There are 2 protein chains.
Amino acid sequence: MNSNKVVTISDVADKAGVSKSTVSQYLNNRFEYMGEQTKLRVAEAVEELGYQPNIVARSLKQKTSTTIGVIVANISHEFSTEIVRSVEKYCNESNFHIIVCNAEDDPEKEKKYIEMLRAKQVDGIIVFPTSTNKELYQSLNLENYPMVFIDRYVPDVNVSAIMLDNAKASSLAVEEFTRLGYERLGIVTNSTVNNVTPRIERIDGFSEALAENQLEIYESYIKGVNIEDFPRELENMMTSRDRPDALLAGNDLALIEVLKYAKNNQISIPEDLGVIGIDDVSFASFYNPEITTIAQPTEEMGEKAAKLLLDQIMNRAESSPQIHRFEPTLIKRLSCTEQGGKEYEGTF
Amino acid sequence: MNSNKVVTISDVADKAGVSKSTVSQYLNNRFEYMGEQTKLRVAEAVEELGYQPNIVARSLKQKTSTTIGVIVANISHEFSTEIVRSVEKYCNESNFHIIVCNAEDDPEKEKKYIEMLRAKQVDGIIVFPTSTNKELYQSLNLENYPMVFIDRYVPDVNVSAIMLDNAKASSLAVEEFTRLGYERLGIVTNSTVNNVTPRIERIDGFSEALAENQLEIYESYIKGVNIEDFPRELENMMTSRDRPDALLAGNDLALIEVLKYAKNNQISIPEDLGVIGIDDVSFASFYNPEITTIAQPTEEMGEKAAKLLLDQIMNRAESSPQIHRFEPTLIKRLSCTEQGGKEYEGTF
DNA sequence: TTGTAAGCGTTATCAC
DNA sequence: GTGATAACGCTTACAA
């Protein structure tokens, strides 16, 4: 074939015996004033040379890169990867690419990523924000930089956010537990020290749901702690007098800790402990026992995030930023079941 | 603050009262001939204006984008997301970004992605290749386009590949099964119609290991079929006379199907059926029963892939492309255990 | 209907 | 030590 030299628009122009602008017109489908002849000649030249436009050059000129950044807080959550998948899918349909970044819950990393992404002229970002970079987000927002938050939001930063209705998720769990006869309910989730929105909302929603259902609130069974501290916390909880008889796991990692603890300590689910997990983890439907979960509509959430962002990028943005809440759905399985026989403790 | 106008290198030059070239020198740490004075003035200007270099412009000039593409065959496999995570981690250390693409096992999609990535001037790609785009890979390779294959390789395309020692993985399983007294061994994995390397290698390795261990080969228990057909295939297998007493699941999705089937049909693992899964899935350690698995060193594999690619990009490539095989490790858990009591069927 | 030329924000060459 | 100037490959007024 030809030499290794990359073929540019000039080469095509030369070969077709027209000017660069004409080729450019052709490439951008501006055929209005183009002669049939030229069109054909250009088409032929493009074909023969195997020409591929250089998008970087185009980006420089047009100040747009058809690329967006996705910064996940922690890629270890199944939820994160599902969102990434969904966003990628929607973007692909619009011929956008996504640069995936994993902030690992580190605000410094997050900041560095944002700066790099902007330097690369990505057209916008979807981010699971840490609460500690508020100023950064505020300044981006002031510049009207296209951005959407997902899973969490940052107070006082007027940016659209895609969120689960977390309070609803908790109340769904509480109601299911009580309906089935569990009485001493607890919730365990990751550390709340950084005010990560969903954790706070799930915990608060949990307490409220207890109150609404006139259930006793056991403060010591409401825990937001680091994953590493889970074994200890669970041990404390489960060896106390009047230990909880049902536990809501705030996310996949929390659920795993609960299941491990139960397994290691011969606590049988659902008899000794009812369990519900937020996030419909991959193994829920075939775990023994099958896990009752509260699912987030990840596919739709990712799609909505991508859609909102692309709309901002294309200047067909919704009127004003808002928090979009998505409905959680309870998927009943077998990790919490009817506890009617609870009184007859003598049965075993 | 300043107007919304983006600040460029010219602005910095003006503000510092020097030329663009000097600023550029400064930005690229070429201090050799730079006066202390100018250095300081430039630094100050950069600071005050909050200047951020435009990487797109730089890319255009330097023909490098510090971005690589990662095309996964199917992002639904846990293995894929772990590789992505690991690659991202290593790239981040070298200040590279990754564009993630999900080919969904579709060669057309894969091709389109590759073209788009090249148009975006990504410096190289890491790809889980489909075998049907051989010509494309060959031509990329002829141009010396930086590329590394992972999980699979394409015959006759001389590109480095990161692979599991799949034959070893299968033999590890066969040996474990036989050591524990299982006798009628089977393997189930995804469809082999497209000659996807690991599936073929795992199946072939399985047969070979059976032969080496003088075990009987049950052809009908060696299946590479579409995931959707698993329930039917498993049903056929498990209801046949002399049904298999142990099954190796070729990957995470296959394992899930086996576990579901067992669960739905009251087949108890490991008593009725020994199970080993290739890929140390997230739930293996706390499933009931805990699943014996054969783990791929995903972290190292991803890192090696990234390293090889960046080496090619930086022109410090290894002498010649080769297939790098990684050792699988057997993680013994409880989904296959001593079958000594098999003869005394009367025990229960 | 098509061509000319300027410009996007950098970097690199080579004078001064 | 520093500064003009051209160049990267494309788009886009505007001219022809």
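Order of the sequence lines fixes the chain letters, A, B, ..., with proteins taken first and strands second; residue numbering starts at 1 for each chain. In this text, all values refer to a predicted model and were calculated from it rather than measured experimentally. Values reported hereafter were calculated over all heavy atoms of this structure, with side chains retained and with hydrogens, waters and symmetry mates removed.
- Residues from residues 37-47 of chain A that place a heavy atom under 4.0 Å from any atom of DNA chain D: there are none.
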Side-chain atoms of residues 120-127 of chain B: list all donor-acceptor pairs with protein atoms under 3.5 Å, sequence neighbours left out, distances to 0.1 Å.
from	atom 1	to	atom 2	distance (Å)
B/Lys120	NZ	A/Thr66	O	2.6
B/Lys120	NZ	A/Thr66	OG1	3.3
B/Lys120	NZ	A/Thr67	OG1	2.9
B/Lys120	NZ	A/His97	ND1	3.1
B/Asp123	OD1	B/Ser65	N	2.8
B/Asp123	OD1	B/Ser65	OG	3.3
B/Asp123	OD2	B/Thr64	OG1	3.1
B/Asp123	OD2	B/Ser65	N	3.2
B/Asp123	OD2	B/Thr66	N	2.7

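- Contact between the side-chain N/O atoms of A/Tyr26 and the OP1/OP2 oxygens of D/dC10 is not found at any separation under 4.0 Å.
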Check the interface with nucleotides 12-16 of chain C: list each N/O to N/O pair with the protein under 3.5 Å, or write none.
none

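- A salt bridge does not link B/Glu303 to B/Lys89: none of the charged side-chain nitrogens sits closer than 4.0 Å to a carboxylate oxygen.
- Between the axis at the start and the axis at the end of the helix from C/dT1-D/dA16 to C/dC16-D/dG1 there is an angle of 40°, using five pairs per end and rounding to 10 degrees.
- Summarising the geometry, the separation between CD on A/Gln52 and C1' on D/dC10 is reported as 15 Å, rounded to the nearest angstrom.
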Fill in: Derivation and outcome, salt bridge (charged side-chain N to carboxylate O under 4.0 Å, His left out), residues A/Glu300 and A/Lys307
CA-CA 10 Å; A/Glu300 294 103 274; A/Lys307 193 161 162 10; over 6 Å; no
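- Ion pair A/Glu88/A/Arg85 not flagged as a salt bridge, since none of the NZ, NE, NH1 or NH2 atoms sits closer than 4.0 Å to an Asp/Glu carboxylate oxygen.
- Looking at the side chain of B/Val18, the nearest of the listed nucleotides D/dG3, D/dG9, D/dC10 is D/dG3.
- For A/Leu27 and D/dC10, the CG to P distance is 8 Å, given to the nearest whole Å.
- As a whole-Å value, the separation of A/Phe31 CZ from C/dT2 C1' is 15 Å.
- Counting only distance, with no hydrogens or angles, the side chain of B/Ser24 and the backbone of B/Lys20 share no donor-acceptor pair below 3.5 Å.
- Note: CE (A/Met34) to P (C/dT1) measures 10 Å, nearest angstrom.
- B/Lys120 places its NZ atom 24 Å from the P atom of D/dC8, with the value rounded to the nearest Å.
- Residue contacts shown for B/Val56 are absent, as no nucleic acid heavy atom lies under 4.0 Å away.
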Which side-chain N or O atoms in residues 9-16 of chain A pair as donor and acceptor under 3.5 Å with protein atoms at least two apart or in another chain?
from	atom 1	to	atom 2	distance (Å)
A/Asp11	OD2	A/Thr8	N	2.8
A/Lys15	NZ	A/Glu48	OE1	3.0

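- When the C1' atom of D/dC10 is taken as reference, atom CD of B/Gln121 falls 11 Å away, rounded to whole Å.
- Side-chain atoms of A/Ser80 do not come within 3.5 Å of backbone N or O of A/Ile75 as any donor-acceptor pair.
- Per the geometry, CD belonging to A/Glu36 stands 10 Å off P belonging to C/dT1, to the nearest Å.
- Screening residues 25-67 of chain B for ring-ring contact (aromatic ring centres under 6.0 Å, His included) gives B/Tyr26-B/Phe31 as the qualifying pairs, with residues at least two apart or on separate chains.
- In the model, B/Tyr137 has a side-chain atom that pairs as donor or acceptor with a side-chain atom of B/Glu110 under 3.5 Å.
- Salt bridge status for B/Lys39 with B/Glu36: present, with a side-chain N to carboxylate O gap under 4.0 Å.
- Between the P atom of D/dG3 and the CD1 atom of B/Ile9 lies a distance of 12 Å, rounded to the nearest Å.
- Place A/Thr8 and B/Thr22 on DNA chain D by their nearest nucleotides, and B/Thr22 ends up nearer the 5' end.
- No donor-acceptor pair closer than 3.5 Å links the side chain of A/Thr130 to the backbone N or O of A/Pro107.
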message: B/Asn102 vs B/Tyr113, test: side-chain hydrogen bond (donor to acceptor under 3.5 Å, both in side chains). Steps then yes/no.
response: CA-CA 9 Å; B/Asn102 178 20; B/Tyr113 271 129; over 6 Å; no
